[in-house]
Amino acid sequence: MPKSRIRKKADDYTPPPAKKATTIKLTNRSWVAPVMLALFLIGLAWIVVFYVTDGKLPIDTLGNWNIVVGFGFIAAGFGVSTQWK
């Protein structure tokens with residue numbers, strides 16, 4: 001059997017630099033779920049108290065705007081929920 005020829009590699013070859021692992025910095029978002037649930041519950045409680053007390057509570061001077069305040073808390077809860085990962 002004939003011997004195969006051995007190819008010589010070029011001496012000027014330099015391998016590319018090794019890739020460094022990039023660290024992904026994850027922020028601690030453990031506060032999102034409790035705040036979101038608290039805002040939902042505050043908004044719900046605000047609206048329920050308004051209806052149960054025939055508009056006398058939580059703030060009498062706001063009148064029917066108490067409903068808007070309650071839904072505002074609920075909307076803020078949805079806004080906070082966008083930060084949840």
Side-chain angles (χ1 to χ4, degrees):
M1 203 84 204
K3 254 187 170 177
S4 64
R5 294 183 184 170
I6 298 174
R7 296 182 195 162
K8 290 187 177 181
K9 292 184 180 179
D11 291 335
D12 60 335
Y13 174 76
T14 55
K19 292 183 179 178
K20 293 182 180 180
T22 58
T23 58
I24 299 172
K25 187 174 183 178
L26 297 176
T27 58
N28 188 2
R29 306 266 177 147
S30 61
W31 59 272
V32 173
V35 170
M36 176 185 64
L37 291 175
L39 287 171
F40 287 155
L41 291 176
I42 290 170
L44 179 65
W46 194 287
I47 294 170
V48 168
V49 167
F50 174 72
Y51 277 116
V52 169
T53 61
D54 292 328
K56 303 289 184 220
L57 290 175
I59 300 175
D60 189 25
T61 57
L62 287 180
N64 287 335
W65 283 96
N66 280 305
I67 297 170
V68 175
V69 172
F71 278 113
F73 277 113
I74 294 171
F78 279 114
V80 169
S81 71
T82 62
Q83 300 298 316
W84 195 6
K85 288 188 180 186

Enquirer: Taking the side chain as every heavy atom from C-beta outward, state whether I59 and V69 have any pair of such atoms under 4.5 Å apart.
Expert: no

Enquirer: Out of curiosity, does I74 fall in the hydrophobic cluster containing W65 (side-chain heavy atoms, cut-off under 4.5 Å, transitive links)?
Expert: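 Hydrophobic grouping puts W65 with I74.
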
Enquirer: Quick one: do L62 and F71 end up in the same hydrophobic cluster if we chain Ile, Leu, Val, Met, Phe, Trp and Tyr together by side-chain heavy atoms under 4.5 Å apart?
Expert: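 Shared cluster, yes.
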
Enquirer: Is it true that I42 and L44 fall in one hydrophobic cluster, defined by side-chain heavy atoms closer than 4.5 Å?
Expert: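 They do not share one cluster, since no chain of ILVMFWY contacts under 4.5 Å joins I42 to L44.
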
Enquirer: Indicate the atoms forming the closest heavy-atom contact of L57 with T53, along with that distance.
Expert: N-OG1, 3.2 Å

Enquirer: Going through the distances and angles, do F78 and L39 end up as a side chain to side chain contact (heavy atoms under 4.5 Å, CB included)?
Expert: CA-CA 9 Å; F78 279 114; L39 287 171; over 6 Å; no

Enquirer: Linking I/L/V/M/F/W/Y whenever any side-chain heavy atoms sit under 4.5 Å apart, do I47 and V52 land together?
Expert: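 Hydrophobic grouping puts I47 apart from V52.
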
Enquirer: Where do G77 and M36 come nearest, in terms of heavy atoms and distance?
Expert: O-CG, 3.5 Å

Enquirer: W31 versus V80: any side-chain heavy-atom pair under 4.5 Å?
Expert: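 Touching, per the 4.5 Å side-chain cut-off.
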
Enquirer: Donor-acceptor pair, distance only, cut-off 3.5 Å: does the side chain of N66 make one with the backbone of W46?
Expert: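 Flag not set: sc N66 to bb W46 has no pair under 3.5 Å.
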
Enquirer: Any chain of hydrophobic side-chain contacts (each under 4.5 Å) joining L41 to V68?
Expert: no

